[in-house]
Amino acid sequence: YVNANRAEALERLGILRVRDLLLNVPHRYLDFSHRVQIAFAQIGEDATITGRVASVKTKRPRPKMVIVEIEVVDDTGVLTASFFRQPWIAEQIHVDDEVALSGKILFAYGYRQMKSPFYEVLSTAKSDSNDEARSKETPSKAAILPVHPATEGVSPAWMRRIMSAALADTGSVCDWLPSELVTKHHLMSLSSALREVHFPSSLDAAEQSRRRLAFDELLSLQLALLARRNLELAGHRPFEHVINGPKVKALIEALPFALTDEQNHAAQEILSDMAAPRIMNRLLLGDVGTGKTAVAAVALAAAADSSTQAAVMAPTSVLAQQYAQKIGPLLSLAGITWALITGSTSEEERQQIELCLADGSLSILFGTTALLSDRVVFKQLTLAVVDEQHRFGVDQRTALRKKGQGVDLLAMSATPIPRTLALSLYGDVDTSRITKRPKAGAGVTTKLCVPENLDQAYAAVAEAVQAGHQAYLVCPLIDPSDSEEELEDVPEAARTNGKLYSATRVYEELSKTVFKDFTCDLLTGRLPETQKDQVMEKFRTNKTQILVSTTVIEVGVDVPNATVMIVFNADRFGLATLHQLRGRVGRGDFPGTVYLASNAKRGSTARKRLAALEQTSDGARLAELDLELRHEGETLGYRQSGGTTLKISDLYADADLIEAAHIDALAITAQDPNLTSDAYATLGIEAKDRFGIYFEELGYK
């Protein structure tokens, strides 16, 4: 048992039960089997040392710069550790504490040093009223010391003690994984894995135990995703579409270009699924400008040939309107009725659309999440196309499909997705990919730009506008008062400090100074839908020369005349987002240039990420790199609404486990879809416990 304060602290870590505690695996280990004394630590090498804190000093060499410096001594010498911009360190480490430091050994001013090392207080000289039983654990008691995620009120040392007690009481658990899977994948038993992951006998044993627990998590996720799909499709009778009708042929003839081999292959895969006696669940992947829109139009025509209806849902009104403008005329030429509905659609127009939709005289409806309104009722919806689908949650996609019976789903994304991530997001999904652009465009050059050289980027914008072209200025924030916590998730190590640019301030300042001779406008997600449409239309028609915006222009915006872009605070965006953004320029006959403004230092993680964009335009390679850099389940901006982030698995390092879990889950659910047999009942219980959101309507006991 723990007291109320401890319980509250544990809850902040997501720990409510003993099983949650046991699955709260260490995020790092201190390897005391390679511990060295200070005098013998090799300069330039990583090392772990332990010693007594001799002094703690806080220095302020300049405003906003705080350095906490501690001196640690052992029998052989003195080491100085410096912590930058971490003033709280002075409250956590005290004179006479026993500490462990892990990091690179440097040498300066006659002393060995570490800069911002990983540290842990092994024992403290200062009494703690909230923790009468102090940590007496020292390196001599364990060659490998686990460091668990901690929070205020729960130190790593206290976590080790409670973890040890939990393992002693409940560690000898029955293995929920069938023995044949344990043997097939050469995995540890569950009880061994729990003991080794928390108190490993070696670093190799720690990794093997983590992989066993990661497989458990991945298999549970795959089973949950398949169960979710079965739930979505349960009781729905598939609709077999007509795929060689006159409207499909007319639509293809109406295209201003011939489909490429890749486009034609993707279209045929989609049409085959639509004609099959099973419900389609297909993902169409294609980098910026590869022509996914044309392929989707063919699928829409097949729905019209089948005398049924289709819906196209886009994440923004700008993108929905662009779809209507691009595909709508082609549909009209093929004799297919269509309409657009967004938040800015007038009430009178909306009522007319709803009437035509209900009586079946309207075949194709484009829109945003306005399509999910109870007022939008289809006579017979058989195809749902969801563009930039990662911006929608699982529940939103399901809600759209529920507007019909046996609705085929075609999800599309211009953001490249590594296979491991696709499997983790969707489980069982068929994938079509388009890798080549039908029209290459003039291309894009990407350049890193430090703040001191912004005038060069501004000059490039002015030169382009004077030549009759247009430009984008992209900012991470809308208003100066916005919290940076709202920004896209970027690894902490890849961020740089300094001024964050906001669209409103950049617009106000630059439109009156640097670009006062040009027509500027502002586009953000907070503008009313009607105003967004007006701003975008003015930019499309070149009435606006410079558009200041946020990432609302990331997808779908097609203005071939735009040739220059500046992305402020580029290090605060994911690689996939930056790749998408730069796809907005160089789309026509004139080459584009993108300036990535950042104060990232040479050799830093942030600089390496941005340098990758300078070196390659291969979206798939960038996606893999982003996944490698982030090592987490929320990479590339793919946050599943209502889903659960993976806690143990690493989507990059555990690629083989993801593939194995996917194959096993398919085989298991083929034998026992509801996981209720004696052989797989424990799998169902475990999957439901971890990812219950996907099982909520399955009726499991």
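The first residue in the sequence is number 1, and the count goes up from there. Excluded from the calculations below are hydrogen atoms, water molecules and symmetry mates; all remaining heavy atoms, backbone and side chain alike, are included.
- The shortest side-chain heavy-atom distance between N281 and R401 falls under the 4.5 Å cut-off.
- Nearest approach of P315 to D387, heavy atoms of both residues: CD-O, 3.5 Å.
- Under the 3.5 Å distance criterion, with hydrogens and angles disregarded, no donor-acceptor pair is assigned to the side chains of S220 and E686.
- S191 places no side-chain N or O within donor-acceptor distance of the main-chain N or O of S172, the cut-off being under 3.5 Å.
- H198 and H148 have parallel rings, their planes meeting at less than 30° on a 0 to 90° scale where 60° marks the start of perpendicular.
- Here the shortest heavy-atom pairing between A206 and V197 reads O-CG2, 4.4 Å.
- A salt bridge links R211 to D656: at least one charged side-chain nitrogen sits closer than 4.0 Å to a carboxylate oxygen.
- Partners of F83 according to the ring pair (Phe, Tyr, Trp, His ring centres under 6.0 Å) rule, which considers only residues two or more places apart in sequence or in another chain, are Y119.
- The side-chain heavy atoms of T183 and E180, taken from C-beta on, include no pair separated by under 4.5 Å.
- At least one side-chain heavy atom of L219 sits less than 4.5 Å from a side-chain heavy atom of L181.
- More than 12 non-hydrogen atoms from other residues, nucleotides or ligands lie less than 6.0 angstrom from NE2 of H185.
- Counting only heavy atoms from C-beta outward, the side chains of K688 and L675 never approach each other to under 4.5 Å.
- Annotation for D169: atom CG counts as buried by contact number, over 12 foreign heavy atoms lying within 6.0 Å.
- Counting non-hydrogen atoms of neighbouring residues, nucleotides and ligands closer than 6.0 angstrom, the NZ atom of K403 exceeds 12 such neighbours.
- Judged purely by distance below 3.5 Å, without hydrogens or angles, the side chains of S677 and D672 pair a donor atom with an acceptor atom.
- Side chain of E217 to backbone of I648: a donor-acceptor contact under 3.5 angstrom is found.
- Neither side chain, R195 nor S209, offers a donor N or O lying under 3.5 Å from an acceptor on the other.
- Contact record, L683 with P178: CD2-CD, 3.7 Å, taken as the closest heavy-atom pair.
- Judged purely by atom type and a 3.5 angstrom limit, R433 has no side-chain atom pairing as donor or acceptor with the backbone of G286.
- Looking at L223 and T669, their side chains come closer than 4.5 Å, going by heavy atoms from C-beta outward.
- In plain terms, the two heavy atoms of E120 and V147 that are nearest each other are OE1-CG2, 3.4 Å.
- One distance of note links CG of L30 with OG1 of T48; it measures 5.5 Å at 0.5 Å rounding.
- Side chain of D654 to main chain of L657: no donor-acceptor pair is present (N/O by atom type, distance under 3.5 Å, no hydrogens or angles).
- Remark: R12 pairs with no residue by the salt bridge (Lys or Arg N to Asp or Glu O under 4.0 Å) rule, at least two apart or across chains.
- Listed by chain and number, the residues in a salt bridge (Lys or Arg N to Asp or Glu O under 4.0 Å) with K184 are D664 (sequence neighbours excluded).
- Here the side chains of L194 and L213 are in contact, with some heavy-atom distance below 4.5 Å.
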Run the numbers on L666 and Q222 for side-chain contact (heavy atoms from CB on, under 4.5 Å), then give the verdict.
CA-CA 8 Å; L666 286 174; Q222 291 294 311; over 6 Å; no

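- The two residues L285 and K292 have their closest heavy-atom pair at C-CD, 4.1 Å.
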What do the steps show when you test I49 against R35 for side-chain contact (heavy atoms from CB on, under 4.5 Å), and what is the final call?
CA-CA 6 Å; I49 66 101; R35 177 166 51 109; 5.6 Å; no

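- Taking the ring axis of F199 as reference, the NZ or CZ atom of R160 does not stay both within 45° of it and closer than 6.0 Å to the ring centre.
- Every residue meeting the side-chain contact (heavy atoms from CB on, under 4.5 Å) condition with D20, not counting sequence neighbours, appears here in chain and number order: I15, L16, R17.
- The distance from the CZ atom of F40 to the CG atom of D74 is 9.0 Å, given to the nearest 0.5 Å.
- Side-chain contact between V99 and L122 is absent, with no heavy-atom pair separated by less than 4.5 Å.
- Heavy atoms of other residues, nucleotides or ligands lying less than 6.0 angstrom from CD of Q86 number more than 12.
- Between A384 and V407, the closest heavy-atom pair is N-CG1, 3.6 Å.
- Residues satisfying the salt bridge (Lys or Arg N to Asp or Glu O under 4.0 Å) criterion with D216, sequence neighbours excluded, are R212.
- For D689 and R19, the salt-bridge test passes: some basic side-chain N is under 4.0 Å from an acidic carboxylate O.
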side-chain contact (heavy atoms from CB on, under 4.5 Å) evaluation trace for M313 with V385
CA-CA 6 Å; M313 187 166 70; V385 179; over 6 Å; no

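- Counting heavy atoms from C-beta on, the side chains of V386 and M412 never come closer than 4.5 Å.
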Would you be so kind as to tabulate the donor-acceptor pairs closer than 3.5 Å made by side chains of residues 270-277, with sequence neighbours excluded?
from: S272; atom 1: OG; to: Q268; atom 2: O; distance (Å): 2.8
from: D273; atom 1: OD1; to: R278; atom 2: NH2; distance (Å): 3.1
from: D273; atom 1: OD2; to: R282; atom 2: NE; distance (Å): 2.7
from: D273; atom 1: OD2; to: R282; atom 2: NH2; distance (Å): 3.1

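- Atom OG of S201 sits about 8.5 Å away from atom CD1 of I144, to the nearest 0.5 Å.
- Formation of a donor-acceptor pair under 3.5 Å by the D408 side chain with backbone atoms of I279 is not found in this model.
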Step by step, work out the side-chain contact (heavy atoms from CB on, under 4.5 Å) result for M114 and I105.
CA-CA 5 Å; M114 285 185 179; I105 300 294; 3.5 Å; yes

